[in-house]
Amino acid sequence: MTELYTEGAPIRDEKAPDGPIAERWDKRRFSARLVNPANRRKLSIIIVGTGLAGASAAATLGEAGYNVKSFCYQDSPRRAHSIAAQGGINAAKNYRNDGDSIYRLFYDTVKGGDYRARESNVYRLAQVSVEIIDQCVAQGVPFAREYGGLLDNRSFGGVQVSRTFYARGQTGQQLLIGAYQALERQVAAGTVEMYTRHEMLELIVVDGRARGIIVRDMVTGEIETHFADAVVLATGGYGNVFFLSTNAMGSNVTAIWRAHRKGALFANPCYTQIHPTCIPVSGSYQSKLTLMSESLRNDGRIWVPKKMGDKRDPREIPEEERDYYLEGMYPSFGNLVPRDIASRAAKRVCDEGRGVGPGGLGVYLDFADAIKRMGRAAVEAKYGNLFDMYQRITGENPYEVPMRIYPAVHYTMGGLWVDYDLQSTIPGLFVAGEANFSDHGANRLGASALMQGLADGYFVLPNTINDYLADGPFEKIDESHPEVKEAAEAVRTRLDKLLSINGSRTVDSFHRELGQIMWDYCGMERTEEGLNKAIARIRELRAEFWRDVKVTGVNEELNQALERAHRVADFFELAELMCIDALHRRESCGGHFRAESQTEDGEALRHDDEFAYVAAWEFTGVGEPPVLHKEALEYEYVEMKQRSYK
Ligand SMILES: Cc1cc2nc3c(=O)[nH]c(=O)nc-3n(C[C@H](O)[C@H](O)[C@H](O)COP(=O)(O)OP(=O)(O)OC[C@H]3O[C@@H](n4cnc5c(N)ncnc54)[C@H](O)[C@@H]3O)c2cc1C
């Protein structure tokens, strides 16, 4: 084991305030230095990413008066992956009067994350959640309403209250339109300059500070340099390292991986969320998986036949021959247990030979009872667009036959390590949204990613980044600076190399094979033996990639093969780190299930005495042992115990 990594000095979150938890955010806002409005005009910020985290940050910092440059690789900020979010966004408004509070949202999130998240961050997230809803309503986001006019709520996994605000099954899209409009207002006002179709391929670090980025104009191939006083990465998650995931096809790790190579620590890379309700894989030609929102578990009932290999039409299987296994195993939370638990339970019944559909890798999500209870029209009003989507993809009508679902990769809790201010270990480099290692610990509760992305962009960064910028503007630099020249040259060399190999295998064939290794050995269940095998296999495949990949076309044109090759090259390096992280964590927690560490009834077994820390990794070279820095996690308010949803 020791040769795979070394251990360095522990790390601490120096910005985290102390004192009563409810007062910490106020305390930090008061202690953080300010920049007066006239001085903000002299300072510039680069924001990479226009999803909910990036768009909200750019709009807010532009409105504050900073000079913002905003980047995305899509043709419009509105195509950021956030647009795909379906089910909803949490907030502790307690509109339902069902016992919710900021404290309960905080408690549920720490527990849901299997006690591997920071208390101070999570408490702030719960506090700010309330403001997010007000902000979005003021922008005109059309949240669903009840008859009386109040905003409607539903439940998501791991909680017993209804605190999820939603806009049918298009919550992400509606929230993104709100953030996008705020962003465009700043573009029109001249505070934000928008660069679409530009992909960041390198971070510029000068005298230890993040000072800019190298981007490729994806239409012309031109390599450009952009400078600023601070850089924010809001570039989303890296679930596509598994090839098949529910993420948008373009989602990738490059921006944060390049920053990691330049010195930013990468935290908890192995914490991956596997979502229990996705449409099962249907064949080897497939390049994308589709989520069926968790909100469906409010009314749909999950079951498999009691008998192994039962091939009958589900409608012909009588009640007494069905196993509603979540309701049986977890009576308090039933079908709404958290995602890690529901996913593992689905795997277990399929491993027993009771799975349904092709290959036996599926379980039923059945709405027959809900239709009987509420009527088809009510079900359609709540979930209509999700049902339509299911029918278009599978050709089956879910109003008549139960949906078939199976777990799939969905979200990455790991990401760049940040302190309470959202600053990485590189001064001047801030990270927001899914790209940072986030507030979700080892497992994210449903409807909490949108909450975190918007909390970071609308409320946290605008209050913390000033503290860093108060020392600016920093010394002017230009393209002749040696560090800048070196960064641009590194990008050109890498692109030239990819184009010159002219091997025999497509980028996708490598990506697919890498994804399969990750799914088999670093997916829902991990073992020491499997992870060691995966690391060896990843190294071999990475070497083969650099020997035999075929990238067609040239740099000076729109070249998707080149874009993908660059992203997959970074996935190869990340994959190794994920496996090392998973291997070193010899406990099960949340989304990280080590088969060697489970309770008698098959639940995840943590080892708090050994592993109650954030694992923050330092890059030392490709294939070289990374250095592990541990940030101890301390719990003053929530008692660490074995999670139970029974
Ligand atoms: C199908 C699906 C449904 C979901 N539903 C929900 C839900 O109901 N509720 C919930 O809370 N969460 C949900 N999630 C999770 C949530 O959508 C995401 O975690 C969240 O939207 C991420 O937002 P973000 O702003 O961090 O990143 P993203 O929305 O992924 O945006 C990333 C941005 O970075 C840009 N970018 C990335 N790399 C580069 C680069 N190198 N150069 C330039 N630009 C770059 C992209 O162009 C894009 O603009 C869902 C996720 C999926 C996959």
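Fair warning: this is a prediction, and the values are worked out from it, not measured in the lab. Counting convention: from 1, in listed order, for ligands and their atoms alike. The figures here come from the full heavy-atom set of this structure, side chains too, leaving out hydrogens, waters and symmetry mates.
Atoms of ligand 1 found under 4.0 Å from any heavy atom of V48, numbered from 1 in the order shown, are 42 (N), 43 (C), 44 (N), 45 (C).
The distance between the ring centers of Y73 and H198 does not fall below 6.0 angstrom. A ring-centre distance under 6.0 Å is found for Y95 and F165. Aromatic ring centres of F367 and F387 lie closer together than 6.0 Å.
Ionic pairing of R154 and D299 is not present here: no N-O contact between side-chain nitrogen and carboxylate oxygen is shorter than 4.0 angstrom. Salt-bridge check for E222 with R216: failed, with every basic side-chain N at 4.0 Å or more from each acidic carboxylate O.
Among residues at least two apart or in separate chains, salt bridge (Lys or Arg N to Asp or Glu O under 4.0 Å) pairs with a member in residues 234-260 are E202-R258, R258-D570.
Ligand 1 has at least one atom lying under 4.0 Å from a heavy atom of G88. Heavy atoms of T171 come nearer than 4.0 angstrom to ligand 1 in no pair at all. Not a single heavy atom of G172 sits closer than 4.0 Å to an atom of ligand 1. Heavy-atom distances between L52 and ligand 1 reach below 4.0 Å in at least one pair. Residue contacts with ligand 1: T254 is excluded, as none of its non-hydrogen atoms falls under 4.0 Å.
With atom 14 (N) of ligand 1 as the reference point, the heavy atom nearest to it among H275, E434, Q86, R444 is part of R444. One option in A85, A449, G453 has a heavy atom closer to atom 15 (C) of ligand 1 than any other, and that option is A449. For atom 50 (C) of ligand 1, the candidate residues are E563, M200, H410, H81; the nearest heavy-atom contact is made by H410. Closest heavy-atom approach to atom 47 (O) of ligand 1 within the set Q74, H440, Q273: this belongs to Q74. When S82, A53, G49 are ranked by how near their heavy atoms come to atom 20 (C) of ligand 1, first place goes to S82.
Proximity of H198 to ligand 1, defined as any heavy-atom pair under 4.0 Å, is confined to the backbone N, CA, C and O atoms. Of all the heavy atoms of S448, the ones lying under 4.0 Å from any atom of ligand 1 belong exclusively to the backbone. When non-hydrogen atoms are compared, ligand 1 lies under 4.0 Å from the side chain of L291 (C-beta onward) but not from its backbone. For A234, every heavy-atom contact with ligand 1 shorter than 4.0 Å involves the backbone, none the side chain.
Side-chain contact annotation: Y238 with N252, donor-acceptor N/O pair under 3.5 Å absent.
For the side chain to side chain donor-acceptor pair (under 3.5 Å) with R163, the lone residue among N153, D108, N90 that qualifies is D108.
Classified by interplanar angle (parallel below 30°, tilted 30° to 60°, perpendicular above 60°), the ring pair F71/Y195 is parallel. Taking the six-membered ring where the residue is Trp, W417 and F437 present parallel rings, their angle staying beneath 30° rather than reaching 60°.
For the pair G87 and ligand 1, the shortest N or O to N or O distance falls below 3.5 Å. Residue L450 has at least one nitrogen or oxygen atom sitting less than 3.5 Å from a nitrogen or oxygen atom of ligand 1, judged on distance alone.
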